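Just below is one structure, and these are the notes that go with it.
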Amino acid sequence: MSYDKLIFELSVPNRRGYSLPKENYPTYHINDLKNHLRKSELVLPEVSELDCVRHYTNVSKKNFGVENGFYPLGSCTMKYNPKINEEIAKSLSFTKLHPYQPVRTIQGALRAYYELQVALSEISGLAEFSLNPYAGAHGELVGLMVMKEYHLSRKDFKRTKVIIPDSAHGTNPASTTVCGMEVIEIKSNELGMVDIDSLKAALSDEIAGMMLTNPNTLGIFENDICEITKLVHDAGGLMYYDGANLNALLGKVRPGDMGFDIMHINLHKTFSTPHGGGGPGDGPVGVKDFLVDFLPNPRIKKLDDYYYTANINTALGQISSFYGNYLVELRAYSYILNLGKENLMNVGKLATLNANYIRNALKDDYYLPIEGYCMHEVVFDGLKDNPNDIKTLDVAKRLLDYGMHAPTIYFPLLFHQSIMIEPTETESLQTIDEFIRVMKKIAEEAKTDPELLKKAPINTPITRTDEVFAARAMIFSYRDYLEYNKE
Ligand SMILES: *Cc1c(COP(=O)(O)O)cnc(C)c1O
């Protein structure tokens, strides 16, 4: 395994990356505050400015993002983030604002915020949105808190259980647990959809509601959605829509019209704001009319042409500092305005077309566990004709050699060799055709050169890693690394 030196390994004692006039900076002694002094020596790399710049520039070139190449990471909607979003978000009119500024001085900023709330309501068929949650999972938590609050407000204290299909995103059961409610998992049927009989069996007067991902994590549209929402409502529960991946439905159907009461949307998926790297996301939560007053504070409201912030007594309180990730919200609003209603209506259509094009082109080489059309992503269960027992992991690693990001693998958990491909609507026919060509080539290599696939990737700075070792040996920092090498 070869890699460039760490910045600590470039370090030379007393080398400095700055020079400051000494007399401008007096020395302070904090000896009388012994508790505040470090107990161990501070380990910092000692490098010149040029070493530092070169190091990080070279590291950045090894990064792979949507702007480097095809990135079909299923369930993540890694669509291109248009540059106009960045232009708008970096405008000083927005970046120089302070959240404590009087509202009359920030009318334009509040207007953009308010109009995004309204646009999302229109797109999803719900009454109102709060943009405050910081991510999809955070939105789920807020939505579940609204659900919980609703039942408590009706003194219906028994309702503490949430139904979640086994095909759900892992964050659904996690958020339910964090919210202090109990998960009831129900099975999928052979078509990969909610099994109605399992659902019926799970219903009772202890059900707070049901969380449903649609299209589900197999990339399939739930056929019986109206029956599902009716069953849950009749049992006194609320319907939660995990709309993290709204892309496939954009402009086609609206969760509100299908009977959902609460939903979240990931702006960092469907609405083209930066995604990944732990960067700031945004997971707006929308609700039907009767739940509006539970949405977290502060709310942004409009009276005639005046925008103002309101804190509502029955609300959950505050779940983020101020208004969520404002500059992320601006990017999403810029995306919506830039596409306009007409083009926004084509997003789901094209995303679905692209996924089905790939599905059809690869179905002779990769095993399709579920027949029929998919939505915005397609799931295969490993190679079809596979005499050398090549795993999905090997296929994914080999893709890196061809300059493409690997799709999501081993998710959903319903199959053993899942590979989940989501091209999004922003890819050209030529890029998608190239991906198909490469995937077919890998299927061929699996028969003719299996050892190559088991070693892959071979063209990347770091070749095949030992994932078991990486999971066991927790080397996260330079200090861990030194510890490890001492042994
Ligand atoms: C991505 C995703 C989430 C979680 O969103 P985060 O912003 O990563 O917290 C939840 N549900 C589904 C279906 C998703 O695809």
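Remember, predicted model here, so these are calculated numbers, not experimental data. For reference, positions follow the sequence shown, starting with 1. Counting starts at 1 for both ligands and their atoms, in listed order.
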Using distance alone, decide if ligand 1 has a nitrogen or oxygen within less than 3.5 Å of any nitrogen or oxygen in His138.
no
Tell me: protein heavy atom nearest [atom], and distance?
{"atom": "atom 9 (O) of ligand 1", "answer": "Ala137 N, 2.8 Å"}
{"atom": "atom 6 (P) of ligand 1", "answer": "Gly136 N, 3.5 Å"}
{"atom": "atom 1 (C) of ligand 1", "answer": "Lys269 NZ, 1.5 Å"}

Exactly one of Glu377, Glu422, Lys79 clears side chain to side chain donor-acceptor pair (under 3.5 Å) with Asn247, and that residue is Lys79
Would you check if the distance from the ring center of Tyr113 to the ring center of Tyr333 is below 6.0 Å? no
Please report whether the ring centroid of Tyr367 lies less than 6.0 Å from that of Phe380. no
*With under 30° as parallel and over 60° as perpendicular, where do the rings of His268 and His275 fit, or are they tilted in between?*
perpendicular
Parallel, tilted or perpendicular: which fits the ring planes of Phe260 and Tyr241, with parallel below 30° and perpendicular above 60°? perpendicular
Could you tell me, atom by atom, which parts of ligand 1 come under 4.0 Å of a heavy atom of [X]?
{"X": "Glu140", "value": "10 (C), 11 (N)"}
{"X": "Ala244", "value": "2 (C), 3 (C), 10 (C), 11 (N), 12 (C), 13 (C), 14 (C), 15 (O)"}
{"X": "Thr213", "value": "13 (C)"}

Original post:
Hey, does Ser75 sit under 4.0 Å from ligand 1 if you only count heavy atoms?
Top reply: yes
From the list Thr270, Leu339, Leu337, side chain to side chain contact (heavy atoms under 4.5 Å, CB included) partner of Leu344 resolves to Leu339
Min over Asn172, Asp242, Asn245, Asn266 of heavy-atom distance to atom 11 (N) of ligand 1 lands on Asp242
On a heavy-atom basis, the closest approach of Ser175 and Ala137 is OG-O, 3.6 Å
